[in-house]
Amino acid sequence: MGQIRVTKCDIEGLVVIEPKVFPDSRGYFMETYNQEDMRKAGLDMVFVQDNQSMSTKGVLRGLHRQLQYPQGKLVRVVKGAVFDVAVDLREGSKTYGQWYGVELSAENKKQIYIPEGFAHGFLVLSDEAEFIYKCTDFYHPGDEAGIIWNDPDIGVEWPISEGMEIILSEKDKKWPRLKAT
């Protein structure tokens with residue numbers, strides 16, 4: 001117990017979680033999720049689905065959201081590094097339209113919890129990245145929506161290095177701006 005450090009972000013509901021790592025001569029051990037520790041930190045969500053993706057450098061996935069079946073997500077990286085972004089789309093929120101970004105990597109072992117009502121995306125910074133996330137609701141294919149990744153009204157400051165080619169799915173190239181949703 002007490003194996004995590006939780007840091008609240010400027011946007012209510014978003015938290016960065018850092019598990020305690022126990023290194024030794026063989027490598028390390030850590031608990032990536034402990035329901036008791038999460039509850040003690042005020043995070044009492046229930047997860048129903050785990051997902052994993054692998055992407056190469058420059059892949060940008062997002063900004064995705066669900067409309068009728070919103071998902072809270074606990075995300076982390078087990079190989080490589082990504083810049084992870086959450087955009088507040090909760091109706092009536094004082095931070096509506098604001099974004100928060102954090103680098104998640106296999107090295108720093110940070111996680112971020114993104115509550116229901118946010119759009120989410122990430123940019124792969126390393127040659128490859130394996131990304132894992134727990135969800136509070138099941139995926140419903142017809143319920144997905146999104147916002148274009150470079151919407152100037154949101155103004156995400158993606159850390160695009162010189163010469164990095166941004167690779168988007170056809171779907172992610174076509175999402176509207178926030179004002180059009």
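This one's a predicted model, so the numbers in the text were calculated from it and none came from an experiment.
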**Q** In terms of hydrophobic clustering (I, L, V, M, F, W, Y; side-chain heavy atoms under 4.5 Å; direct or indirect links), are M164 and I167 co-clustered?
**A** no
**Q** Working to the nearest 0.5 Å, report the span between CE of M30 and NZ of K109.
**A**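 Going from the CE atom of M30 to the NZ atom of K109 covers 6.0 Å.
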**Q** Any side-chain heavy-atom pair from I147 and L89 closer than 4.5 angstrom?
**A** yes
**Q** According to side chain to side chain donor-acceptor pair (under 3.5 Å), who are the partners of D127, at least two apart in sequence or on a separate chain?
**A** none
**Q** Might you confirm whether atom CG of D10 has over 12 heavy atoms from other residues, nucleotides or ligands at distances under 6.0 Å?
**A**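 No, not enclosed.
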**Q** When you measure from the side chain of Q49 to the backbone of Y139, do you find a donor-acceptor pair of N or O atoms at a distance under 3.5 Å?
**A**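 Yes: the side chain of Q49 pairs with the backbone of Y139.
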**Q** Between E18 and T7, what is the shortest heavy-atom contact and its length?
**A** OE2-OG1, 4.3 Å
**Q** Does the pair Q71 and H120 meet the rule for a side chain to side chain contact (heavy atoms under 4.5 Å, CB included), with working shown?
**A** CA-CA 10 Å; Q71 296 175 314; H120 173 250; over 6 Å; no
**Q** Would you say the side chain of Q3 lies within less than 4.5 Å of the side chain of N34, judging by non-hydrogen atoms?
**A** no
**Q** Might you point out which heavy atoms bring A119 and L63 nearest each other, and give the distance in Å?
**A** CB-CB, 4.1 Å
**Q** Answer yes or no: does atom CD of E144 have more than 12 heavy-atom neighbours from other residues, nucleotides or ligands under 6.0 Å?
**A**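 Enclosed.
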**Q** Please name all residues satisfying side chain to side chain contact (heavy atoms under 4.5 Å, CB included) with R90, sequence neighbours left out, ordered by chain then number.
**A**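 Only I11, E12, D88, S93, T95, F118 meet the side chain to side chain contact (heavy atoms under 4.5 Å, CB included) criterion with R90.
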**Q** Which pairs count as side chain to side chain donor-acceptor pair (under 3.5 Å) when at least one residue sits in residues 52-63, sequence neighbours excluded?
**A** Q52-E130, S55-R61
**Q** Is it true that I132 and V102 fall in one hydrophobic cluster, defined by side-chain heavy atoms closer than 4.5 Å?
**A**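 I132 and V102: separate clusters.
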**Q** Is S126 reaching over with its side chain to a backbone N or O of G80, donor-acceptor style, under 3.5 angstrom?
**A**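 Checking the backbone N and O of G80 against the side chain of S126, no donor-acceptor pair under 3.5 Å is found.
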**Q** Given 3.5 Å as the limit, does a donor-acceptor pair link the side chain of K174 with the main chain of K171, or not?
**A** no
**Q** Counting heavy atoms not belonging to R5, are there more than 12 under 6.0 Å from its CZ?
**A**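 At most 12 heavy atoms, drawn from other residues, nucleotides or ligands, come within 6.0 Å of this atom.
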**Q** Could I get the full list of side chain to side chain donor-acceptor pair (under 3.5 Å) partners for W149, not counting sequence neighbours?
**A** none
**Q** Any link between L104 and V124 through a network of hydrophobic side chains (Ile, Leu, Val, Met, Phe, Trp, Tyr) touching at under 4.5 Å?
**A**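 Yes, one cluster joins them.
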**Q** Can you sort out the partners of K134 under side chain to side chain donor-acceptor pair (under 3.5 Å), two or more places apart, ordered by chain and number?
**A**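 K134: side chain to side chain donor-acceptor pair (under 3.5 Å) contacts with D50.
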**Q** Heavy atoms only: give me the nearest D37-I4 pair and the separation to one decimal.
**A** O-CD1, 3.8 Å
**Q** Can you tell me how the ring of F122 sits relative to the ring of F131, calling it parallel under 30°, perpendicular over 60° and tilted otherwise?
**A** parallel
**Q** Look at the side-chain heavy atoms of Ile, Leu, Val, Met, Phe, Trp and Tyr, link any pair under 4.5 Å apart, and say whether M45 and Y133 land in one connected group.
**A**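 The answer is no; the residues belong to distinct hydrophobic clusters.
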**Q** Kindly state each residue pair satisfying side chain to side chain donor-acceptor pair (under 3.5 Å) with at least one member in residues 155-167, sequence neighbours excluded.
**A**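 Every pair satisfying side chain to side chain donor-acceptor pair (under 3.5 Å) with a residue in residues 155-167: there are none.
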**Q** Starting from V48, walk the hydrophobic network (Ile, Leu, Val, Met, Phe, Trp, Tyr; side-chain heavy atoms closer than 4.5 Å) and list everyone else you reach, by chain and number.
**A** F138
**Q** Identify which one of L123, V75, V77 satisfies the side-chain contact (heavy atoms from CB on, under 4.5 Å) criterion when paired with V82.
**A** V77
**Q** I'd like to check the side chain to side chain contact (heavy atoms under 4.5 Å, CB included) partners of A145; sequence neighbours left out, ordered by chain and number.
**A** R65, L67
**Q** Taking only residues two or more places apart in sequence, or in another chain, which ones meet N150 in a side chain to side chain contact (heavy atoms under 4.5 Å, CB included)?
**A**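 N150: side chain to side chain contact (heavy atoms under 4.5 Å, CB included) contacts with I148.
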**Q** Just grab all the ring-ring contact (aromatic ring centres under 6.0 Å, His included) pairs involving residues 81-111, residues at least two apart or on different chains.
**A**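 Those involving residues 81-111 do not exist here.
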**Q** What residue pairs, at least two apart or across chains, pass salt bridge (Lys or Arg N to Asp or Glu O under 4.0 Å) with a residue in residues 71-81?
**A** K79-E128
**Q** For M38 and Y113: C-alpha separation, side-chain torsions, deciding distance, then whether side chain to side chain contact (heavy atoms under 4.5 Å, CB included) applies.
**A** CA-CA 11 Å; M38 296 290 271; Y113 178 67; 5.5 Å; no
**Q** What verdict does the side chain to side chain contact (heavy atoms under 4.5 Å, CB included) test give for D172 and H64, after you've listed the backbone C-alpha separation in whole Å, the side-chain angles of each residue and the deciding distance to 0.1 Å?
**A** CA-CA 8 Å; D172 286 349; H64 301 150; 2.7 Å; yes
**Q** At their closest point, which heavy atom of Y69 faces which heavy atom of Q66, and how far apart are they?
**A** O-CB, 3.3 Å
**Q** Considering non-hydrogen atoms only, spot the tightest contact between L14 and I114 and give its length.
**A** CD2-CA, 3.8 Å
**Q** Could you walk me through whether I17 and L74 satisfy the side chain to side chain contact (heavy atoms under 4.5 Å, CB included) test, starting with their C-alpha distance in whole Å, then the side-chain angles of each, then the deciding distance to 0.1 Å, before giving a yes or no?
**A** CA-CA 9 Å; I17 300 162; L74 177 63; 3.7 Å; yes
**Q** Mind checking the CG-CG spacing from D153 to L178? Nearest 0.5 Å is all I need.
**A**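 Going from CG on D153 over to CG on L178, the span is 7.0 Å.
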**Q** Side chain to side chain donor-acceptor pair (under 3.5 Å) with E170: which residues, sequence neighbours excluded?
**A** K173
**Q** Transitively linked via ILVMFWY side-chain contacts under 4.5 Å: L60 with I160?
**A**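 Yes: a chain of side-chain contacts under 4.5 Å links L60 to I160.
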**Q** Which pair of non-hydrogen atoms, one from V16 and one from K110, has the smallest distance, and what is that distance?
**A** CG1-CD, 4.1 Å
